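If you read the sequence from its start, that first residue is 1, and numbering goes on from there. All values reported here derive from a predicted model rather than from experimental measurement.
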Amino acid sequence: MATTSEKLLLRLEWKVVRRLDGRLQGAHRTAHRGAGVDLTGLRAYHAGDDARHIDWNVTARLDEPHLRLFTEDRELTVWLVLDRSASMAAGPPGRGKHDVLAELALVLARLFGRGGNRVGALMFDTGTLRVVPPGTTRRHALRIGAELERTTEARGGATTDLAGMLDAAGRLARRRALIVVLSDFIGDGDWERSLQRLVRRHEVVALRIVDAADDALPEAGLIVVEDAETGEQLVVDSADPLLRARFRAAVDARDARLTAGMRRAGVPVHRIGTERDLAEALAEVVARTRDRSP
């Protein structure tokens with residue numbers, strides 16, 4: 001009998017993967033140059049070249065700096081960094097943020113894997129870390145889906161440690177890789193410093209999964225508001241204009257901090273709402289990525 005992950009992947013392969021197959025390949029390769037192992041030739045050194053590629057024997061013989069040239073490594077290692085914190089449960093039944101994250105993880109693992117790239121996954125919640133080592137096959141994508149199912153009921157109650165999540169990705173990805181962070185980015189801590197350390201060695205892309213409930217209070221009179229991550233509850237009047245204005249200001253400030261931090265680190269952020277068609281959202285991500293390529 002097919003597992004939940006297998007049924008989901010079958011549906012996604014029919015509705016999403018077929019529409020996107022081939023588009024992701026090449027969307028990030030321009031950022032990974034000279035990583036191959038086959039020497040193809042030499043050329044004179046020019047200002048701004050990577051000094052690590054200087055062939056010192058040839059340089060000494062010719063009395064002029066020369067660089068080794070390598071074939072470009074066409075394969076890519078991709079790490080999916082998956083936020084499994086409690087705030088990711090927000091959203092309508094069957095289409096919450098954690099559902100969208102699971103679909104994105106399966107689609108990305110399948111798309112990149114079909115191109116011969118190795119895809120690994122890091123599932124992070126405060127105090128809990130699960131890792132699926134990189135692989136390429138369809139069965140490997142299903143393994144990532146199975147691990148996501150296992151973490152659905154394993155969420156803790158603490159605020160998302162964004163810095164811890166990014167630091168864990170840095171420890172895990174020892175060789176240069178494409179790191180795709182899937183999260184709502186609702187959390188505390190000095191995550192910007194961790195992000196800047198990560199981008200020094202890797203290409204990083206952020207997929208921010210959002211739901212309407214993140215950004216607005218429902219106008220329903222007295223309601224009980226609960227912090228999904230800390231469990232703290234408070235009774236508030238959702239129709240109070242002052243409360244609604246303060247809530248909106250807090251949301252705007254949170255978004256501004258996120259946008260500014262990502263911009264300083266040079267990391268593109270792609271907003272994916274729970275109501276979006278997944279194929280359209282990913283096609284937009286690819287188009288925006290290509291627009292940024294040199």
- prompt: Is the shortest heavy-atom distance from the side chain of Leu178 to the side chain of Val205 under 4.5 Å?
  reply: yes
query: With no hydrogens and no angle check, is any side-chain donor or acceptor of Asp125 less than 3.5 Å from a backbone partner on Thr128?
result: no
- request: For the pair Arg263 and Glu192, evaluate salt bridge (Lys or Arg N to Asp or Glu O under 4.0 Å) and give the outcome as yes or no after the intermediate values.
  value: CA-CA 10 Å; Arg263 183 183 297 117; Glu192 189 174 343; over 6 Å; no
Minimum side-chain heavy-atom gap Asp83-Met165 below 4.5 Å: yes
field: Arg246 atom CZ: more than 12 heavy-atom contacts under 6.0 Å
entry: no
message: Arg276 vs Glu284, test: salt bridge (Lys or Arg N to Asp or Glu O under 4.0 Å). Steps then yes/no.
response: CA-CA 11 Å; Arg276 287 289 305 275; Glu284 184 178 295; 3.7 Å; yes
query: For the side chain of His66 and the backbone of Trp56, is there at least one donor-acceptor N/O pair under 3.5 Å apart?
result: no
- prompt: Okay, side chain of His202, backbone of Ala177: is any donor-acceptor separation there less than 3.5 Å?
  reply: yes
- prompt: Which heavy atom in Trp79 sits nearest to a heavy atom in Val131, and how many Å separate them?
  reply: CZ3-CG1, 4.1 Å
- request: Verify, without hydrogens or angle tests, whether Arg95 (side chain) and Glu275 (backbone) share a donor-acceptor contact under 3.5 angstrom.
  value: no
query: Is the closest side-chain heavy-atom distance between Val180 and Leu108 below 4.5 Å?
result: yes
task: Might you confirm whether atom CZ of Arg139 has over 12 heavy atoms from other residues, nucleotides or ligands at distances under 6.0 Å?
output: no
task: Going by the side-chain hydrogen bond (donor to acceptor under 3.5 Å, both in side chains) test, name the single residue among His98, Arg208, Lys97 that passes it with Asp184.
output: Lys97
- prompt: Quick one: does Asn57's side chain get under 4.5 Å of Thr59's, heavy atoms only?
  reply: no
- prompt: Is it the case that more than 12 heavy atoms not belonging to Arg193 sit under 6.0 Å from its CZ atom?
  reply: no
task: Check whether any side-chain heavy atom of Phe124 lies under 4.5 Å from a side-chain heavy atom of Arg130, and answer yes or no.
output: no
task: Kindly indicate whether the side chain of Asn117, heavy atoms from C-beta on, has any atom under 4.5 Å from the side chain of Thr136.
output: no
- request: Determine the minimum heavy-atom distance between Arg197 and Arg200, stating which atoms define it.
  value: CG-NH1, 3.2 Å
task: Check whether any side-chain heavy atom of Val285 lies under 4.5 Å from a side-chain heavy atom of Pro268, and answer yes or no.
output: no
field: Heavy-atom closest pair, residues Leu182 and Ala105
entry: CD2-N, 4.3 Å
field: Salt bridge flag under 4.0 Å for residues Arg171 and Asp167
entry: no
- request: Please report the C-alpha distance between Val210 and Ile272 in whole Å, then the side-chain angles of each, then the deciding distance to 0.1 Å, and finally whether the side-chain contact (heavy atoms from CB on, under 4.5 Å) criterion is met.
  value: CA-CA 6 Å; Val210 298; Ile272 299 180; over 6 Å; no
